[in-house]
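Side-chain atoms are counted along with the backbone in the values below, which use heavy atoms only and exclude waters and symmetry mates.
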Amino acid sequence: MATASTAAPLHLLLSSSRRRRLLAPRAHNDSTTTGRRRFIADTAAVAAAVAPLVLPRTPLARADQTPSLSEWERVLLPIDPGVVLLDIAFVPDDPSHGFLLGTRQTILETKDGGNTWSPRSIASAEDEDFNYRFNSVSFMGKEGWIIGKPAILLHTSDAGDSWERIPLSAQLPGNMVYIKATGEQSAEMVTDEGAIYVTSNRGYNWKAAVQETVSATLNRTVSSGISGASYYTGTFNTVNRSPDGRYVAVSSRGNFYLTWEPGQPFWQPHNRAVARRIQNMGWRADGGLWLLITEDFEEASVQSRGFGLLDVGYRSVDEAWAAGGSGVLLKTTNGGKNWVRDKAADNIAANLYSVKFLGDSRGFVLGNDGVLLRYVG
């Protein structure tokens with residue numbers, strides 16, 4: 001486990017008259033009691049050590065010393081060109097059965113572990129004249145959830161054989177960007193404005209887990225010491241959840257990041273550890289944080305080529321894969337100390353946005369133009 005590191009103390013002052021309350025999607029928000037709590041100044045600390053993955057500064061293996069890894073294969077999908085793939089999940093009780101989401105109302109289904117995919121039509125998602133962007137899918141047992149933009153929430157209790165649409169309030173702050181199945185009829189949902197809601201009755205009632213949006217937290221914080229907070233636009237660029245329920249989110253401008261863990265009434269902002277723009281952050285397999293920054297660089301020994309990295313996925317504590325623009329795939333087998341490039345992906349004319357490992361032997365990389373890579377290593 002990584003050693004915890006403490007961020008700069010945040011001197012936050014509570015101004016209840018300016019606080020923007022979160023509005024629950026349906027019924028009740030138990031903020032009457034918690035709203036009376038004063039925010040305690042100078043208590044912010046990062047829950048886990050941040051390990052910057054500044055890959056340009058780490059040595060890359062020489063091309064003549066490292067054979068093509070070829071641990072991924074492309075899966076051809078029956079979708080239109082231009083679709084951006086956004087999330088993937090499998091049914092725990094049936095690992096061969098899964099769903100793949102994307103833009104342009106894309107929902108694909110597999111029943112052979114991801115080797116082949118077929119379009120899936122959900123009638124309750126086609127009642128209105130919308131072209132949905134389906135952002136997130138999650139299963140626990142046979143119970144599953146899908147969210148999208150414009151605001152739509154779908155629920156299944158039979159492993160996706162049938163889906164029902166759950167009504168949502170028009171006053172929901174922000175766009176839903178992430179959902180996590182947490183138990184029977186239970187889920188946790190996050191919006192891009194920092195709202196976190198939980199439900200225990202199939203989504204018909206929601207309770208706010210934080211008392212206000214992130215922009216409201218920053219607006220009432222007069223001396224937080226967070227560099228660039230005055231330029232905050234009020235939305236997340238990325239948000240990632242740890243297995244134990246902690247969150248890390250990157251501000252839309254990439255100039256600082258925020259953390260939240262269960263029981264905290266507000267998001268905790270932190271200065272970035274490097275001067276460059278933060279591209280993405282997430283959780284390492286050992287419970288710590290990884291960080292990607294925006295930087296172009298030349299590989300002195302592997303054909304000069306500049307590229308940006310967009311996501312990291314951990315297969316184990318030591319092995320991880322980083323993906324990015326122009327089909328870039330990098331692999332580490334020593335926890336990020338050294339990286340090599342899988343040149344088999346160089347001919348893929350697409351940006352690779354997301355790396356997801358669902359156990360030791362199952363992994364996928366999602367990209368634009370309908371590009372899906374399946375781990376076969």
Next on the checklist: Just to verify, what does P119 make a side-chain contact (heavy atoms from CB on, under 4.5 Å) with, not counting sequence neighbours?
Outcome noted: P78, L108
Next on the checklist: List the residues meeting side-chain contact (heavy atoms from CB on, under 4.5 Å) with D158, not counting sequence neighbours, and say none if there are none.
Outcome noted: T156, D161, S162
Next on the checklist: Run E212 and T217 through side-chain hydrogen bond (donor to acceptor under 3.5 Å, both in side chains) and show every step you take.
Outcome noted: CA-CA 7 Å; E212 61 190 12; T217 296; 2.7 Å; yes
Item to check | Test item: side-chain donor near acceptor, N240 and T238, under 3.5 Å | outcome: no
Checklist entry - Side-chain donor-acceptor pair under 3.5 Å between N255 and R277, yes or no? => result no
Item to check | Pairs touching residues 93-103 that satisfy salt bridge (Lys or Arg N to Asp or Glu O under 4.0 Å), sequence neighbours left out | outcome: none
Checklist entry - Any donor and acceptor pair, going by atom type alone, linking the side chain of T332 with main-chain N or O of N338 inside 3.5 Å? => result yes
Checklist entry - F357 and Y375: aromatic ring centres closer than 6.0 Å? => result yes
Next on the checklist: So L101 and T106, do their side chains get closer than 4.5 Å, heavy atoms only?
Outcome noted: no
Item to check | Short side-chain to backbone donor-acceptor contact, Q105 and Y132, under 3.5 Å | outcome: yes
Next on the checklist: Could you tell me if the side chain of K207 sits less than 4.5 Å from the side chain of Y197, heavy atoms only?
Outcome noted: no
Checklist entry - Heavy-atom distance under 4.5 Å between the side chains of R241 and E188, does that happen here? => result yes
Next on the checklist: Suppose we screen for side-chain contact (heavy atoms from CB on, under 4.5 Å). Which residues come up paired with D311, at least two apart in sequence or across chains?
Outcome noted: N280, W290, S354, V355
Checklist entry - Do the side chain of R133 and the main chain of V84 share a donor and acceptor less than 3.5 angstrom apart? => result no
Checklist entry - Is there a donor-acceptor contact under 3.5 Å linking the side chains of S121 and E126? => result yes
Checklist entry - Would you say the ring centroid of F99 lies under 6.0 angstrom from that of F90? => result no
Checklist entry - Of all heavy-atom pairs between S124 and W163, which one has the smallest distance, and what is that distance? => result OG-O, 3.9 Å
Next on the checklist: With rounding to the nearest 0.5 angstrom, report the CD1 to OG distance, I278 to S251.
Outcome noted: 7.0 Å
Checklist entry - Is there any salt bridge (Lys or Arg N to Asp or Glu O under 4.0 Å) pair reaching into residues 106-121, and which pairs are they, with sequence neighbours excluded? => result E109-R120
Item to check | Check against side-chain contact (heavy atoms from CB on, under 4.5 Å), W260 and V210 | outcome: CA-CA 9 Å; W260 180 86; V210 292; 3.1 Å; yes
Next on the checklist: Looking only at the side chains, is there a donor atom on one of W145 and E143 sitting less than 3.5 Å from an acceptor on the other?
Outcome noted: no
Item to check | D369 side chain vs V371 backbone, donor-acceptor pair below 3.5 Å | outcome: no
Checklist entry - About how many Å separate CD of E164 and CD1 of I122, when rounded to the nearest 0.5 Å? => result 11.5 Å
Next on the checklist: If the test is side chain to side chain contact (heavy atoms under 4.5 Å, CB included), which one of N175, L258, T191 qualifies with F236?
Outcome noted: L258
Checklist entry - Under the salt bridge (charged side-chain N to carboxylate O under 4.0 Å, His left out) criterion, do R374 and E73 qualify, and how do the steps go? => result CA-CA 5 Å; R374 187 173 70 92; E73 69 174 8; 2.5 Å; yes
Checklist entry - Can you tell me how far the CG atom of L366 sits from the CG atom of N351, to the nearest 0.5 Å? => result 13.0 Å
Checklist entry - Residues two or more places apart in sequence or in another chain: which of them pass side-chain contact (heavy atoms from CB on, under 4.5 Å) with D244? => result S242, R246
Checklist entry - Is a side-chain N or O of N368 found less than 3.5 angstrom from the main chain of L85, in a donor-acceptor match? => result no
Checklist entry - Going by atom types only, do H97 and T110 share a side-chain donor-acceptor pair under 3.5 Å? => result no
Item to check | No-hydrogen, no-angle side-chain donor-acceptor test under 3.5 Å, Q268 and Y257 | outcome: no
